[in-house]
Structures are given as structure tokens and as C-alpha cells.
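Since this is a predicted model, take the numbers as computed values, not measurements.
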Amino acid sequence: MDSLALFATASLIAVSLYWFVCILGSAEQKGKRAVELSGGSIAKENVQDKYKQYWSFFRRPKEIETTENVPDFVDTFYNLVTDIYEWGWGQSFHFSPSIPGKSDRECTRIHEERAVDLLGVKPGARILDAGCGVGGPMRAIAAHSGANIVGITINEYQVNRARLHNKKAGLDSLCEVVCGNFLEMPFDDNSFDGVYSIEATCHAPKLEEVYREIYRVLKPGSLYVSYEWVTTELFNSDDPEHVEIIHGIERGDALPGLRKYSDIFQVAKKVGFEVVDEKDLAKPPSNPWWTRLQMGKIAYWRNHIVVTVLSWLGIAPKGTVDVHKMLVETADYLAKGGDKGIFSPMHMILCRKPEEN
């Protein structure tokens with residue numbers, strides 16, 4: 001009887017796992033499969049320890065503010081979350097304005113294409129993607145514009161994933177990926193016809209440092225556009241609920257600290273940029289961007305069951321459950337921040353590097 005019960009339990013788990021992974025699939029069908037979840041460049045047996053190290057940064061907040069410590073902090077984060085992001089979200093690690101009648105994937109593509117359209121570049125132009133992740137935006141932008149895109153990411157695992165995706169998409173002739181720190185980029189001065197960053201510079205300890213580096217590599221007269229994570233004019237630093245929401249976003253997304261919306265313009269001007277345009281793309285007429293997070297709660301918890309089972313079976317690394325739980329909780333903070341209007345992931349700023357005299 002015990003053997004029969006054990007067999008029945010094992011069969012139920014196997015059928016459930018097959019249903020969740022093979023039939024329901026991931027949130028984005030082009031994302032990674034659940035059975036391939038890993039800790040990026042972290043050895044499987046070290047994933048849980050690295051997760052604990054990640055959280056230890058928040059017990060020593062002054063270390064997060066120290067520039068030399070942030071790259072390792074961010075690199076660890078993306079080793080832990082890249083596979084889960086790809087599995088549950090797709091290859092573009094960012095949000096986008098919600099457009100009536102358009103799917104999430106279509107909204108993502110439109111948002112990415114808008115960035116390169118704002119740059120006004122021609123086919124063959126050399127464009128930098130500062131903080132490219134696994135390259136979802138760069139592929140959409142290369143296909144849309146015909147430009148040559150060079151992406152930089154600090155995470156070596158993401159470099160390898162991006163190169164694999166570029167080759168599969170037949171876009172490796174237009175898309176190049178470099179492993180490096182966007183605070184100290186291995187590119188010559190005045191070497192790019194345009195630069196964009198999509199929800200990436202929020203990881204810089206000081207925005208001025210990454211903007212100055214982007215200014216350096218951009219050709220005179222060329223444009224830079226960034227979609228920034230910011231607290232809005234509605235954020236009240238004396239409201240405990242507001243503060244907890246923002247801290248929850250920072251803890252769950254490897255942010256040294258969210259910036260005020262008003263800081264972006266000032267930093268751009270300080271490093272020498274001419275500000276051409278600035279607006280919050282999350283505001284009306286765009287529909288709420290965070291509804292995607294709210295509507296995905298069932299999928300998140302469904303995925304959490306899958307991760308738990310895979311970890312229990314030894315397929316996913318020990319610690320993956322903790323990482324996924326962190327991301328589920330962070331999604332809730334992000335949705336609350338959007339719903340209360342105190343946070344935006346889409347504060348757009350378009351800048352020009354002045355022509356040389």
C-alpha cells in the first residue's frame with residue numbers, strides 16, 4: 001500500500017510538472033524552459049550562498065553606495081535572475097506602456113523601436129545599447145532600423161545568452177555583445193552614432209558616472225535616449241508605506257537607490273548634454289503598465305510551484321526557490337508603486353551631445 005501511495009504521488013507530481021512546463025509553458029513562449037533554470041555563471045552548488053550574499057548587501061547599505069562594490073552586486077543579481085527572467089518574462093527585461101488592442105509582446109516591441117526612432121539613425125549606423133541584458137531590445141532595434149548594435153552588459157552569462165539568441169535570430173551580423181562595465185566602457189571617444197539605455201542605468205551607483213561615460217563615446221551632434229526608473233512627484237519620503245514600496249523595489253532589483261524624476265534632467269545637463277525632450281511614458285494616454293504584473297499573479301504562483309518541484313527534484317539549483325520568491329514579492333512592490341503613482345520605469349530623456357566648436 002505504501003509503495004502504491006508513493007507511486008501515485010510520484011505520478012501526480014510528474015503529470016503536474018508536465019502540465020505546468022510543457023502545456024502551460026512560460027509566460028513568454030520564447031523564454032527559457034523551466035527545466036533549464038540555472039544560476040547563470042554561478043556553480044549550481046553555490047547558488048543559495050550567492051543569494052544570501054546578495055541580501056547581505058542590504059544589511060550593509062553603505063557598501064551598496066560604494067562604486068567599486070556595485071558591479072559585483074549587480075553581476076551576482078543577474079546571475080541569479082537571468083534564467084528566471086527569460087523563462088517567465090521573455091528576452092526583453094523591461095516594461096512598456098500598455099496600448100489598447102496590443103499584446104504585451106507587441107507593446108514591448110513598439111517601446112523598443114521608439115527608442116531607436118528617437119535617435120533618428122540610418123541603416124548602417126553604429127549604436128550602443130548600454131546595459132543590453134540578453135539582447136531582446138537590440139534584436140528588435142536592429143531588425144527595425146538596420147543599424148549595427150553593440151550591446152554591453154556586466155554579466156558574462158548574459159553575454160553568452162545574447163550571442164546565442166542573436167545567432168538563432170539571424171542577426172549576429174548586426175548585433176555585437178561585449179562584457180564590460182558601462183561605467184568604464186572599452187570603446188573609443190566619439191565612436192557611436194547614437195546610444196540608448198532601457199531601464200539599465202538605474203543600476204549605476206551615481207547616474208552622473210554612467211551619463212559621463214555615454215557622453216564620452218557618443219559622436220558630437222548625436223543623440224542619447226534613456227528610459228529611467230524614478231520616483232515621481234507623488235512620492236512622499238515621510239510616508240512609511242511609500243518608503244517601504246520603494247525600498248522593496250530597490251531590494252528586489254539590485255538598485256543602489258532609486259532617483260527622483262527631477263534628478264535626471266540635472267544630471268544630463270551637468271555632464272554636458274543638451275536636453276531635447278523629457279517625459280514620463282508611463283503617464284496617460286498610456287494605459288497602466290503595471291496591470292501586466294497584477295494580471296500575472298496566477299502565472300507567478302504557478303511558476304513558483306514549478307520552481308519548487310524542480311528544486312526538490314534537484315533539477316533546479318538549491319536557492320532558486322528563494323530567488324523566485326524574491327522576484328514574486330518584488331513584482332508586488334512594483335505594481336503597488338505604479339498603482340499609487342509614486343514610481344515609474346519609463347521616465348524618458350532624450351539628449352544631444354553638442355557639436356564641437
Side-chain angles (χ1 to χ4, degrees), residues 27-28 89-90 92-120 131 136-137 140-141 144 196-202 207 223-239 241-250 252-253 255 258-269 273-300 330-352:
E28 295 283 355
W89 196 258
S92 295
F93 299 174
H94 63 81
F95 298 103
S96 59
S98 178
I99 303 172
K102 300 290 185 181
S103 67
D104 291 332
R105 189 174 295 174
E106 288 174 316
C107 290
T108 296
R109 176 184 53 79
I110 291 168
H111 192 49
E112 292 166 349
E113 291 176 355
R114 183 208 298 256
V116 73
D117 288 344
L118 287 168
L119 297 179
I141 286 171
H144 174 68
Y196 67 85
S197 53
I198 300 179
E199 302 183 27
T201 58
C202 52
L207 188 63
L223 296 168
Y224 165 54
V225 64
S226 183
Y227 299 158
E228 294 285 347
W229 280 31
V230 298
T231 57
T232 73
E233 69 279 5
L234 297 180
F235 172 68
N236 180 1
S237 60
D238 293 324
D239 185 324
E241 184 182 14
H242 285 196
V243 172
E244 173 57 24
I245 290 170
I246 297 304
H247 284 175
I249 293 171
E250 292 168 347
D253 285 297
L255 306 183
L258 274 168
R259 286 171 268 273
K260 300 176 184 176
Y261 74 99
S262 55
D263 292 343
I264 310 303
F265 177 91
Q266 297 300 327
V267 170
K269 294 288 287 185
F273 279 121
E274 298 170 352
V275 177
V276 178
D277 194 14
E278 185 181 25
K279 66 176 67 173
D280 188 347
L281 300 178
K283 290 185 175 180
S286 297
N287 284 349
W289 58 269
W290 61 91
T291 54
R292 182 179 179 186
L293 293 169
Q294 293 172 327
M295 293 172 64
K297 280 187 176 180
I298 294 176
Y300 296 149
T330 305
D332 189 50
Y333 281 120
L334 287 163
K336 287 178 180 177
D339 190 48
K340 289 184 176 296
I342 63 173
F343 165 76
S344 172
M346 287 175 270
H347 185 91
M348 184 278 291
I349 188 165
L350 178 65
C351 308
R352 177 180 286 109

Do [X] and [Y] come within less than 4.5 Å of each other through their side chains, counting heavy atoms only?
{"X": "Y261", "Y": "S344", "value": "no"}
{"X": "K340", "Y": "W290", "value": "no"}
{"X": "S98", "Y": "R292", "value": "no"}
{"X": "E112", "Y": "H94", "value": "yes"}
{"X": "L118", "Y": "M348", "value": "yes"}
{"X": "H144", "Y": "D117", "value": "yes"}

Report yes or no: does [X] contribute a side-chain atom to a donor-acceptor pair with the main-chain N or O of [Y] at less than 3.5 Å?
{"X": "Y227", "Y": "L281", "value": "no"}
{"X": "E199", "Y": "F95", "value": "yes"}
{"X": "S286", "Y": "A282", "value": "no"}
{"X": "D239", "Y": "E241", "value": "yes"}

[atom1]-[atom2] distance between [X] and [Y], expressed to the nearest 0.5 angstrom:
{"X": "Q266", "Y": "I264", "atom1": "CD", "atom2": "CD1", "value": "10.5 Å"}
{"X": "L255", "Y": "I249", "atom1": "CG", "atom2": "CD1", "value": "8.0 Å"}
{"X": "C202", "Y": "R259", "atom1": "SG", "atom2": "CZ", "value": "7.5 Å"}
{"X": "L119", "Y": "I141", "atom1": "CG", "atom2": "CD1", "value": "8.0 Å"}
{"X": "S237", "Y": "H242", "atom1": "OG", "atom2": "NE2", "value": "10.5 Å"}

>> Using the side chain to side chain donor-acceptor pair (under 3.5 Å) criterion, which residues pair with E106? Sequence neighbours excluded.
In response: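 Result, side chain to side chain donor-acceptor pair (under 3.5 Å) vs E106: S103.
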What pair of heavy atoms forms the shortest contact from [X] to [Y], and how long is it?
{"X": "L293", "Y": "A335", "answer": "CD1-N, 3.9 Å"}
{"X": "M346", "Y": "D280", "answer": "O-OD1, 3.5 Å"}
{"X": "Y224", "Y": "S197", "answer": "OH-OG, 2.6 Å"}
{"X": "P137", "Y": "I198", "answer": "CB-CD1, 3.9 Å"}
{"X": "T108", "Y": "S92", "answer": "CG2-CB, 3.7 Å"}
{"X": "I99", "Y": "C107", "answer": "N-SG, 3.4 Å"}

> Can you name the side-chain contact (heavy atoms from CB on, under 4.5 Å) partners of T231, sequence neighbours left out?
Replying inline: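 T231 satisfies side-chain contact (heavy atoms from CB on, under 4.5 Å) with F235, I246, L258, K260 once adjacent residues are dropped.
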> By salt bridge (Lys or Arg N to Asp or Glu O under 4.0 Å), which residues pair with K283, not counting sequence neighbours?
Replying inline: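 Checked K283 against salt bridge (Lys or Arg N to Asp or Glu O under 4.0 Å); matches are E233.
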> Are F343 and W229 close enough that their ring centers fall under 6.0 Å?
Replying inline: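 Yes, close enough.
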> Judged by modelled atom types alone, do E244 and Y333 share a side-chain donor-acceptor pair under 3.5 Å?
Replying inline: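 Distance-only check passes for E244 and Y333.
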